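The analysis underlying the following values was restricted to heavy atoms, covering all of them including side chains, and did not include hydrogens, waters or symmetry mates. Given the structure is predicted, the values throughout are model-derived calculations rather than measurements. Within every chain, numbering begins at 1; the chains are lettered A, B, ... in the order of the sequence lines, protein sequences first and strands thereafter.
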Amino acid sequence: MFPISRRAALAGLGASLAAPAIVNAQAPAKTSVGVLRLSSSGPVFVAAERGYWRDLGLDVELKYFTAAQQVPVAVTSNDAEFGVTGLTAAFYNLAGRGALKIVASQARDEKGFPLTAYMATNAAYERGLRSPKDYAGKRIGITTTGSTFHYMLGLIARKYNFDINGVTLVPLQTLPNMQAAFKGGQIDGILAPVTLARALEADGSGKILAWAGDETPWQLGALFTSPRAIDTRRNVVERFIAGYVRGAADFHAAFNLRDAAGKEIYGTNYAETLSLVARAVQQPTELVAQGLPYIDPQGRLDVGDIYAQVAFWQQANLVTREVNARDVIDLSFVRGHMNVPRG
Amino acid sequence: MELVCEGIAHRYGALDVLAGIDLAVQPGECLALLGPSGCGKSTLLGIMGGLLAPSSGRVVLRGEAPASSLNPITYVFQDFALLPWRTVAGNVALALEHRGLSKTEMDARVADALARTSLTEFRDAFPKQLSGGMRQRVGIARALSVDPAVLLLDEPLSALDAQTRDLLMEDFLKLWLASRTTSVYVTHNLQEALRLADRICVLSRRPGRIKEIVALDLPQASRGSPDAARRMAEWAEHLWHLIRDEAAVAEREVANVR
Amino acid sequence: MSDRPVEFRGLGFAPQPVRYAALAAFAVLLAIWEYAGRAGLVSPIFLPPPSTIAKALADLWAQGLLLRHLSESAYRLVFGWGLGTFVGLAAGFAMGIWSVSRAIGVPFVSALFPIPKISLLPLLILWLGIGEASKVATIALGVFFPTVIATYAAIDAVPRNLIRMGQSFGLPTSDVLRKIVLPGALPGILAGFRISSSIALILLVSAEMIGAQYGIGAFVLQAGNLMLTDQLLAGVVILSILGLAIGTGLGQLEKRLLRWR
């Protein structure tokens, strides 16, 4: 086809002009990454848009999915070589059977970054549900068993020392269902993403009690690939991660800076990066600006938390016993991972 | 009882089916309505029994029905109209169940009707298990069970093969001679009309009018004798002459009518 | 010409019941499936072998959860199907008998039947909450429309001459309905039951999306959400067995009620 032949011709021209200096005369290596249109995938959008992978000789195709569980499945089934999403029980069930390995971090719940709200309905609030520690013994709506929301409830239970089994988890599958049950007062509270939480509070349907980032920081999401890719295309994996981490650094520099009082500082290229992310997630910039997550500038993971996640799911009988947290992570691509358990 | 049609006319939309029918069915007679397909004879029968409302005119029932008659005007249908989910006895009982009879009387009426039509040993069979002729016997038994004052038979033998038709015709004739119930017998078959009727009313084609009424003044019982053969042949000749042209046209048009 | 025997050439095209053929084919399929899993031809994540599925079923039984899931689902199925069928029969009869209710009903049914009931879940939650009512209603709603259609089509199919026969013997309208229309429509209505009971099973999973902690549908959903494919297929097996059981039951019912056919 014409565009390809022209590109090939140009590449050939460039090679002959710059002659021996350029080593990379061969075509860029093709790879792909599965993402959701969420701002937590920001590093991917930044790296793609700013050509960080192209500079490293990679031709990366972005494959969009609509639900978090689809991304690890796509990597397992070879429809994408890499994936970035939140960590769920389903993820560990796939990863633990040797299908996936975590190689770098994605978003992390951090103090001062409101991503997920603990909410109470007005009625429950009146009856004294004022803080997530009062969730003990209540009926709380979540999307699904094994979701990130489910884990956040587990974290709250651990922090305030109550039994998670005493909380009635009501899996409602979709956000609209959760919203309907919340508005109808069928449940006492829900965990809600920031935009939904703010909308519910604004229309008077309920109260935001706290933010997961403030209450219980944790490693929300990760970049992962298949062990096969690590074994057979290590060079591609390394370059991909390098480009991804450059994107993460840009994202961090633009959005994640705070002053001494914890107030947001508009960082490097704030406006331009924001509009880039907004375009990618197909949302208005104001909405995106509300829910920008914390992303580690070097792609480092809170490794201890991942071990804790696996342990939590196994205790809840939702992740099979054979899964070993150590086998799920490959620490060799990023330096300086945090909180790495010994042994 | 006597059944009188006064100025009956009927139309389906733009189609004139019947026009100016004045006809009195005498008590105790068997009147055959003879005519080609599409002459409106079944429509007339429907009007006579109150299953169709005529466009104009009226039907009058004159005289007292016998006390034992549960359903003064009773039909026998061309396609038998049996309920496939009821047994032979059940189909007969359908005509009686809503009449408030004692169980004994109902059973007696069913048993009697079945006996008269030689169906007793088939009382528990379903219609599907019976031949066409047996099915029409059930239809006749059902009609007999209510002691009708007027019997309206709508081509009762048309759906049967020739042999069965002859057998059933003789059986019906026997039954009829025993009771002499006022009857209207619709048919397009000349032989049936000649064998059964006291009078034959020939209808013309659309709109159906009475073309001629032929009285057969010879008892049914003696019509089969060799002496009667000549008169029978004359009547047949005359009737055939009356219906032949109509039948020829009807045959060519029948597809348009239905 | 010399004598030649006439060759038989009327072979085939006469379906005959072949005993055990389906069972044998099923067994062969299971064996191939199991072998493919054990030999490593297929990843157990993509297609867990039958033995793993059987083990998941056994675990479910051992934990005492199987009966709990089954009983909660059975409750929803019985009430949802029962309610949808009852109201559907009433509406279908009205539409089959009276021209006015048919004129009103047909466009309504045509407009509402194709709505995916799953898209109404948020509304059902708002109206009826997240308890049993909304789950039962989801199933009832799915069952209602095919029942209406089957019922009034079945009444249409009752031969008019049988109704006229009843009238000619002076049967009151209630008797015409009870003794002629209803039994005449029964085969069509029972055929509708086969469809509506399948729909009820399909909608069980949707219904149990509404905050159900127990139930076969909830179990299948959770297994899917957790990517536990062996449990997922175990749930599917239970649903199939349930479907087979209902189908067999309806077959028996047809045999008894429609003996005359």
Does [atom1] in [X] sit with more than 12 non-hydrogen atoms of other residues, nucleotides or ligands closer than 6.0 Å?
X: B:R58; atom1: CZ; answer: no
X: C:R160; atom1: CZ; answer: yes
X: C:I195; atom1: CD1; answer: no

Give, for atom [atom1] of [X] and atom [atom2] of [Y], the distance between the pair rounded to the nearest 0.5 Å.
X: C:M165; Y: B:D79; atom1: CE; atom2: CG; value: 10.0 Å
X: C:R178; Y: B:H98; atom1: CZ; atom2: NE2; value: 11.5 Å
X: C:L182; Y: B:W85; atom1: CG; atom2: CH2; value: 9.0 Å
X: C:R259; Y: B:T87; atom1: CZ; atom2: OG1; value: 9.5 Å

Tell me, side chain or backbone of [X] under 4.5 Å from chain C's heavy atoms, or both, or neither?
X: B:R99; answer: side chain
X: B:Y75; answer: both
X: B:L70; answer: neither
X: B:L82; answer: backbone

Specify the closest pair of heavy atoms between [X] and [Y], including all atoms of both residues, with the distance to one decimal.
X: C:S168; Y: B:N71; value: O-ND2, 2.9 Å
X: B:A95; Y: C:F169; value: CB-CD2, 3.4 Å
X: C:K179; Y: B:L83; value: O-CD1, 3.9 Å
X: C:L162; Y: B:P84; value: CD1-CD, 4.3 Å

Task: C:I180 portion near chain B, given a 4.5 angstrom heavy-atom threshold - done: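 Both backbone and side chain.
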